[in-house]
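We use all heavy atoms of the structure for the numbers below, so side chains are in, but hydrogens, waters and symmetry mates are not. Throughout, residue positions are numbered sequentially from 1 according to the sequence presented. In listed order, ligands and their atoms are each counted from 1.
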Amino acid sequence: MSAALQIEELSVRYGDSVAVDQVSLTMQPGECLAILGANGAGKSSLAAAIARVVTSTTGSIIIDGQEVSAWSAHRLVRSGVAYLPEQRAIFPGLLVEENLRLAVRRMTRDHRRSAIEDAFDLFPVLRDRREQTAATLSGGEQQMLALASALVTHPKLLVCDELSLGLAPVIVDIVYGALNRAREAGLTIVLIEQYVDKALGIADNALIMRRGRQVWAGAADAARDTVAQQYLGSTPETDSSSGTHPQKEVESH
Ligand SMILES: Nc1ncnc2c1ncn2[C@@H]1O[C@H](COP(=O)(O)OP(=O)(O)OP(=O)(O)O)[C@@H](O)[C@H]1O
């Protein structure tokens, strides 16, 4: 079986500056990978490069066995790659239901109807607000709409950038609950997240970036116990004295 996502020596440049420096990773189908790192580490640039929204890249991106590094972002979406950027991916001037209708427009009529109902089942608050303009939703509701719009298309790969940004903890729990259910149903997820404990709570593996480079990669449990603290200065929820060691030290500090 092909890897769901394989990246080889991917670099992203903005003019003379290198935001992502030769990152390589492989994800199996159904895997959830957390990409962690401090501000400016290059996480968003990596996510945007995977989604082909940023195209000033070198290296290789292979999704489901297909080299996509020359594809347009549009073509990638049509092939089943959903990308939720940091800025919420909604049409603010449209109603909630219109947003969802746009998301499912390529489905058959019957499927469209049930997919929209699935979105409302996922986030019932959206059903109550179906006639409301998306711009007038709260930040949390907008993020739910963005996530629902992505999930109802049944993507094969979901790339999420800072889902929890600016959301109240209770809303973060709701959004992550939905994401976790999608993961359990087999969705492959790249999760960019500052909220380390939340990301590691659902991720299988983690990759930690620093100044554009990958500095550590391994199991999420190992990241939680040791590396998150070391590189990000966060306090893990779990006891860090458990002695788990990083699986792969890419660069020593
Ligand atoms: N469009 C751009 N033009 C020029 N430089 C950029 C651009 N986008 C990002 N950068 C730079 O690239 C580097 C990596 O930024 P990026 O946003 O990818 O990091 P990040 O880890 O996602 O940070 P944050 O968590 O703050 O969003 C930073 O130095 C940033 O200033």
Query raised in the report: Heavy-atom distance to atom 12 (O) of ligand 1: which of A19, G42, A48, A41 wins?
Result: A19
Requested in this report: Using protein heavy atoms only, decide if any is under 4.0 Å from atom 5 (N) of ligand 1.
Outcome: yes
Query raised in the report: Which of the atoms in ligand 1, numbered in the order shown and given with their element, are less than 4.0 Å from a heavy-atom of S44?
Result: 17 (O), 18 (O), 20 (P), 22 (O), 27 (O)
Query raised in the report: Do E193 and K198 meet the salt-bridge criterion of a basic N to acidic O distance under 4.0 Å?
Result: no
Query raised in the report: So, N99 versus S149: side-chain donor-acceptor pair below 3.5 Å or not?
Result: no
Query raised in the report: Hey, looking at atom 26 (O) of ligand 1, which of L165, L46, N39 has the closest heavy atom?
Result: N39
Query raised in the report: How far is atom 14 (C) of ligand 1 from its nearest protein heavy atom, and which residue and atom is that?
Result: G40 O, 3.5 Å
Requested in this report: Would you indicate whether the side-chain heavy atoms of V104 and H111 approach each other to under 4.5 Å?
Outcome: no
Query raised in the report: Is ligand 1 under 4.0 Å from a heavy atom in the side chain of E86, in the backbone, in both, or in neither?
Result: side chain
Requested in this report: With the side chain counted from C-beta on, respond yes when K156 and I63 share a heavy-atom pair under 4.5 Å apart, and no when they do not.
Outcome: yes
Report task. Select one of side chain, backbone, both or neither to describe which atoms of A38 lie under 4.0 Å from any atom of ligand 1, heavy atoms only. Result -> backbone
Requested in this report: Please examine the side chains of Q143 and L165, heavy atoms only from C-beta on, and report whether any two atoms are closer than 4.5 Å.
Outcome: no
**Report entry** More than 12 heavy atoms from other groups under 6.0 Å of CZ on R105
**Finding:** yes
**Report entry** Shortest non-hydrogen contact between T26 and Q28, atoms and distance
**Finding:** CG2-NE2, 3.8 Å
Requested in this report: Write out the residue and atom name of the closest protein heavy atom to atom 9 (C) of ligand 1, then the distance separating them to 0.1 Å.
Outcome: Y14 CE1, 3.4 Å
**Report entry** Nearest protein heavy atom with distance in Å, relative to atom 18 (O) of ligand 1
**Finding:** S45 OG, 2.5 Å
